Number of protein chains: 2
Amino acid sequence: MKSYRHPALRSVTLPVVMQALSDPWRLKIVRLMLEAGDRAFTCSDVPMDVGKATRSHHFQVLREAGLIRMRPVGNTCQTTLRREEFEKRFPGLLAMVAAYKGRR
Amino acid sequence: MKSYRHPALRSVTLPVVMQALSDPWRLKIVRLMLEAGDRAFTCSDVPMDVGKATRSHHFQVLREAGLIRMRPVGNTCQTTLRREEFEKRFPGLLAMVAAYKGRR
DNA sequence: GTCGATGTTCGATTTTCTTCGAACTTTCTC
DNA sequence: GAGAAAGTTCGAAGAAAATCGAACATCGAC
């Protein structure tokens with residue numbers, strides 16, 4: 001596995017985060033991880049109806065938006081939310097995402 | 001002036017809101033209005049380095065994301081945030097946007 | 001009524017996303 | 001080592017978004 005580049009949260013801008021969360025698949029990933037507490041996921045743990053190239057791309061976008069941390073473990077990528085750091089930079093954002101209940 | 005269509009907040013989804021706020025100009029508009037309390041703006045009140053067609057487009061996107069309310073007054077459009085409604089649907093989002101301090 | 005200002009709409013262009021398949025690398029298992 | 005599994009990378013194709021200029025409509029002022 002490759003090792004991943006993670007941006008410092010200070011350098012992440014709000015438009016970039018908003019862009020990352022504007023895609024339904026990526027929003028789903030983040031919400032799944034929010035629900036799952038601090039459990040780590042691999043890319044293929046997240047059910048998505050797209051090819052693996054696309055899946056890889058979405059994880060990359062989330063990573064570059066400072067939302068997730070990816071660590072190579074064996075031939076998988078262990079992925080977790082960057083909760084505390086992210087919360088410091090964008091207070092309340094994750095809570096809002098977690099509270100969101102879809103179309104009403 | 002035309003009269004505008006405003007979506008019910010119930011029908012607005014989070015990805016649509018995120019998409020609306022992922023553009024720097026639109027984020028600027030919203031932040032300007034957040035700072036300005038309940039004062040109404042016209043489109044040309046907001047300094048933006050784009051043509052008026054583009055400006056009109058950005059206001060439309062914000063309107064369709066449920067963020068702003070536009071009312072024709074004379075030959076201008078009086079624009080205000082849909083604060084309370086929006087806050088009910090996406091609690092904490094506007095506060096987070098208001099608190100955002102740019103790149104650090 | 002004519003003019004200037006404010007916006008909107010339309011069509012076209014450019015840029016940015018999303019998605020895919022194919023080829024590749026790394027790692028685990030047999 | 002051979003084969004399978006998990007991801008990544010690399011184009012390429014298609015869809016969506018941003019931007020503009022030009023034409024248009026509406027309103028206020030003169």
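Order of the sequence lines sets the chain letters (A, B, ...), proteins ahead of strands, with each chain counted from 1. These numbers come from a predicted model, not from an experiment.
Rounded to an integer number of Å, the gap from CZ of A:Arg55 to C1' of D:dT9 is 17 Å. As a whole-Å value, the separation of B:Glu64 CD from D:dA18 P is 12 Å. Atom CD1 in B:Ile29 sits about 12 Å away from atom P in C:dG7, given to the nearest Å. In this structure, CD of B:Gln78 is placed 13 Å from P of C:dT6, rounded to the nearest angstrom. Between the P atom of D:dA17 and the CG atom of B:Leu27 lies a distance of 18 Å, rounded to the nearest Å.
With sequence neighbours left out, B:Phe41 forms a ring pair (Phe, Tyr, Trp, His ring centres under 6.0 Å) with no residue at all. Taking the side chain to side chain contact (heavy atoms under 4.5 Å, CB included) definition, one finds that B:Lys88 meets it with nothing, sequence neighbours left out. Partners of A:Thr13 according to the side chain to side chain contact (heavy atoms under 4.5 Å, CB included) rule, which considers only residues two or more places apart in sequence or in another chain, are A:Pro15, A:Val16, B:Tyr100, B:Arg103. Looking at residues two or more places apart in sequence or on another chain, you find no salt bridge (Lys or Arg N to Asp or Glu O under 4.0 Å) involving B:Arg39.
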Just the atom pairs and distances: protein N or O near nucleotides 27-30 of chain D's N or O, under 3.5 Å.
from, atom 1, to, atom 2, distance (Å)
D:dC27, O2, B:Asn75, ND2, 3.4

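At least one side-chain nitrogen or oxygen of A:Tyr4 sits closer than 4.0 Å to the OP1 or OP2 atom of D:dT8.
Each salt bridge (Lys or Arg N to Asp or Glu O under 4.0 Å) pair with one or both residues in residues 62-71 of chain B, not counting sequence neighbours, appears once here: B:Arg69-B:Glu85. Pairs passing the salt bridge (Lys or Arg N to Asp or Glu O under 4.0 Å) check and including a residue from residues 89-99 of chain A, sequence neighbours excluded, do not occur. Residue pairs satisfying the ring-ring contact (aromatic ring centres under 6.0 Å, His included) criterion with at least one member in residues 60-84 of chain B, sequence neighbours excluded, are absent. Listed by first and then second residue, the side chain to side chain donor-acceptor pair (under 3.5 Å) pairs that reach into residues 49-59 of chain B are B:Arg26-B:His58, sequence neighbours excluded.
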- Derivation and outcome, side-chain contact (heavy atoms from CB on, under 4.5 Å), residues B:Leu67 and B:Ile29: CA-CA 10 Å; B:Leu67 278 154; B:Ile29 294 170; over 6 Å; no
Contacts table for residues 3-12 of chain B: side-chain donor-acceptor under 3.5 angstrom, sequence neighbours left out:
from, atom 1, to, atom 2, distance (Å)
B:His6, NE2, B:Met70, N, 2.9
B:Ser11, OG, B:Ala8, O, 2.8

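The residues A:Asp23 and A:Lys28 are annotated as not salt-bridged, no charged nitrogen and carboxylate oxygen being separated by less than 4.0 angstrom.
For the segment residues 34-50 of chain B, the set of residues with a heavy atom within less than 4.0 Å of an atom of DNA chain D comprises B:Val50, in numerical order.
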- Under 4.0 Å protein heavy-atom contacts per nucleotide of nucleotides 9-18 of chain C, with B for base, S for backbone only and - for none: B-------SS
